[in-house]
Structures are given as structure tokens and as C-alpha cells.
Amino acid sequence: MTRLSVELLAADPVEPITSAGHAQLGIAVLAGIAVIVLLITKFKLHAFLSLTIGSLALGAFAGAPLDKVIASFTGGLGTTVAGVGVLIALGAILGKMLADSGGADQIVDTILAKAGGRSMPWAMVLIASVIGLPLFFEVGVVLLIPVVLMVAKRGNYSLMRIGIPALAGLSVMHGLVPPHPGPLVAIDAIGADLGVTLALGVLVAIPTVIIAGPLFSRYAARWVDVPAPDKMIPQRPSEDLEKRPGFGATLITILLPVILMLSKALVDIVIDDPENTTQRIFDVIGSPLIALLASVLLGIFTLLRPAGFGKERLTPLVEKGLAPIAGILLIVGAGGGFKQTLIDTGVGAMILDISEDWSIPALLLAWLIAVAIRLATGSATVATVSAAGLVAPLAADMSTTHAALLVLAIGAGSLFFSHVNDAGFWLVKEYFGLTVGQTIKTWSVMETIISVVAGGLVLLLSLII
């Protein structure tokens, strides 16, 4: 949903597809979310199917005609995929190029060659943050785990002292910084400015990742002192390559979308004239689609060619990069459908009324809703898309910066206390050879620190800007 549509929703509300009162709508929301949680956690149903069924259940409990509920869900799904689907696909292609060409390994090895001793945790958080910009969290984990384990073993470091900073860097990028799917969906739902959200996201991410990464890892290493498990050190992608791209070229390719999008935001602030030629040029080159597409095209020359990839390998690489995101696209799309169902049944307006009656700051309410859904479903993406749908009407009267902060509040809440219903929890547990208790003491606490620190910083920024 665009900013314009959000504003129209508040100024001249669309007639809800049900005439249910607040009490019935409240019950319908709880029932819909309960169905989603139960299907994901108890019956292990895929999040796409769970969100679809939960949306239908929400409409049924709200007393809306089923045909209109279906229309709302499919319309929201289509709008969401149209808004962010291409961006997610381009991000996946760039991530695959980065991994298969050895570009990611080049970044890692170059930074590690310059680091040592006490600076190693800081080097790991820097690596993870840079690598994490274009990569999905799970892909980043798979790429970085071999490095974490090798550094810990060869340098005789505590596994947690090295591993926590790396995980913190990946997690913060995943939750707070576009073009990751979660922030992109929230930006689309709320109608926030992507460049401003990116700039504020980076501003919040830096202190958050320092506190949750290198600083917290000191305590995590004391609480859980385990060696790096030998059996979990897999082969690195670039070990089969005769050559790989250079550090500078790889770094430029990764950072190009960020530079272009931030440049657009800066020009919009400085010039602030939609008819100005310079601003119109930057509006085009700084749009997420063009920025990511430019990075992918640049990667063909800076990543694939130096690694010896011929033209015949480009299409298979793109196909392999796109295959794993089918599930993510469907989850994001279904989340958009759930969001639209919430809005069309009148839940969005109800949340707006409740927030006014209770005098709860919109940013805190968004954070709390995302926290609740995250704890229940275990999915940061589901928490983000659902919370964004619930609080989207609150952004109608917000300034550009506060709408961006609303997105970040949702992203921060979506990372709260990962536990046994989160796939990331088990990924970390198995790779690091931890028990469930040890994983909670380290990974789960780290995620909570990220959520609370980022949420606090967002509230603090809202008082300043």
C-alpha cells in the first residue's frame, strides 16, 4: 500500500466489508492470529498456508462475506508481491552471485587478514554487517559459519566471542535495513520513504549491533564456553575456484544499492522540488528497482567474470538464486493478503481508535504487536508483515521521518527473543553444537538485546527528529 492510499484510508475511509463492532473485531483478530500460530507451531504447516487460512478465519470471525474476504486477501497478496517481489528476487540473485563467485569469501579473508587479537570480534561484526546487506539471514549464516568456526579454532578464540558478533551483524541487517524482505514489506504497507528508512535504519543499526555483538559476546563467552565443533566446518564456496573477484570491486558491488538509495534521499531533502531535473534523475537511479538491478548488472563484470564464469553459467546461477526464495515470496505475499484483510474488515481503524483511547505511542504499540506475533509464530517476517498491516493507518498523519521510524519499530519488535518455534534458533544450535539451554543463553538473549536496544533508539529518535 502506498503512502497515498494510507492517507486516503485515514481521510476518507473505505467502507469496511463488515459492520462488526470493536469487540467482535478484537476477537476476530485474536482468533485469526491464533489460527496462524496454531497451524505453524502445532501442525507445522507452512507459513504461506497458515497465513492464507488465518486470513479467511479472520474474515469469518468478523462476520464478513467470504467472497469479499477472498477478494481482499488476493488483492493484498498481489499488491504486496508487485511492490516487493522483484526487489526480493534481485536481492537473491545478487546474493547468489556474491556467494558462488567467491566475492563473499574475499571480503571475509581480506578483513580477517587485517584483524587479530581483541579486534577479531569487531572484525566479525563488520564482515557480517557488510555481507548481510544483500543476503537473506539463513544464506548469511551458511556463508559465515565456516569462517566463524575456522577463526575460533585456528586462533583459539571462544566460539561465542566470535560467533555472537557475526550473528548480531546478520540479524540487525535482516530486521532493520532494506532491501531485506521484512523492512521492504513494512515500508510498502506503511507508505514510508525507503531512502529515509534506510538512512535511519543504518543509524539505529550501528549502536545496536555494537551492543548486541562485540560487547554482549564477552558475557556470552563466559556463560557458554564451548569449542568449535570439527564436524560442522563445511567447505567454503570459493575453495573450488581458481580465482575470485577483488576486495574493492566486491565491496563497491555490495554497497552500490545503498549508495544510490541514500543519494536519492539526500537529494530529495536538499532540493525538495519534484520538477527539478537533478532530483528526477536521482529519483530514478535511487529507486530500489534500479539500484538493485544496477548492482546485479555490475556484479556480472565485477564478480562473475573475474571468477571465470562464462555467459553460459549466468542463467543457471540466476535460476539457482531464485529457487530458494519461492517460499519467502509466498509468505511475504500472504502476509500482504492478511494485512489487507485486516484493513478491509475495519481492524486498522479499530487499532487507530484504541491507540487514541489508550494514549499509547504509535511506535511503542507497533513494537509490542510485532513482539507478540514474533513470540507466537517464531517468524520475524510473519511478525513484520502482520504488525505492519495492523498499524499502517497510524502512519497517515505522521511525518516522513516518523513513518520510517514506525517501520523500524516493527522491525525491532520482530527480532525479540527467538526460541524453539524459530527455524533460526535450530540453525544456530546445530551449527554451533549447542544445547537448547546454551542456545537460549546466547542466541535468544542476543536477539532480545537487539530488539530492546533498537526499539529504545527508535523511541529516542522520535523525540529528537
Do [X] and [Y] have side chains that approach each other closer than 4.5 Å (heavy atoms only, starting at C-beta)?
X	Y	value
L167	T442	no
V267	D283	no
T278	I281	no
F432	V148	yes
I210	V125	no
L260	L256	yes
L194	L184	yes
F73	L77	yes

How long is the gap from [atom1] on [X] to [atom2] on [Y], to the nearest 0.5 Å?
X	Y	atom1	atom2	result
M446	S171	CE	OG	4.5 Å
L51	I33	CG	CD1	10.5 Å
L365	L390	CG	CG	8.5 Å
L298	L293	CG	CG	11.0 Å
L457	L200	CG	CG	11.5 Å
I285	I290	CD1	CD1	10.0 Å

Shortest non-hydrogen contact between [X] and [Y], atoms and distance:
X	Y	result
L408	L176	CD2-O, 3.3 Å
S287	K264	N-CD, 4.2 Å
I449	I211	CG2-CG2, 4.0 Å
A380	L415	CB-CD2, 4.4 Å
G213	I164	O-CG2, 3.9 Å
P178	L198	O-CD1, 3.5 Å

Criterion side-chain contact (heavy atoms from CB on, under 4.5 Å) on K96 and V318, from CA distance to verdict: CA-CA 8 Å; K96 186 66 174 173; V318 170; over 6 Å; no
Between [X] (side chain) and [Y] (backbone), is there a donor-acceptor pair under 3.5 Å?
X	Y	result
S462	L459	yes
H419	L375	yes
S451	E447	no
R161	P214	yes
T448	S444	yes
Q279	D273	yes
T110	I107	no
S399	H402	yes

Cationic N near anionic O, under 4.0 Å, D109 to R244: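 Looking at D109 and R244, the cut-off is met.
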Charged N-O contact under 4.0 Å between R374 and D422: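 D422 and R374: salt-bridged.
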Aromatic plane relationship, F48 with H46 - under 30° parallel, 30 to 60° tilted, over 60° perpendicular: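 Perpendicular: the ring planes of H46 and F48 meet at over 60°.
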Test side-chain contact (heavy atoms from CB on, under 4.5 Å) applied to I93 and M97, step by step: CA-CA 6 Å; I93 294 169; M97 292 168 67; 3.9 Å; yes
W443 side chain to S418 side chain, donor-acceptor N/O pair below 3.5 angstrom: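 Present: a donor and an acceptor within the cut-off.
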Residue pair T302 / T253, side-chain donor-acceptor N/O under 3.5 Å: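 A donor-acceptor contact under 3.5 Å links the two side chains.
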Intermediate values then yes/no, side-chain contact (heavy atoms from CB on, under 4.5 Å), I271 and R280: CA-CA 10 Å; I271 298 178; R280 293 177 68 178; over 6 Å; no
NZ or CZ of R222 within 45° of Y219 ring axis and under 6.0 Å: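 Cation-pi check for R222 and Y219: passes.
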Test side-chain contact (heavy atoms from CB on, under 4.5 Å) applied to L342 and F338, step by step: CA-CA 6 Å; L342 287 167; F338 182 62; 3.8 Å; yes
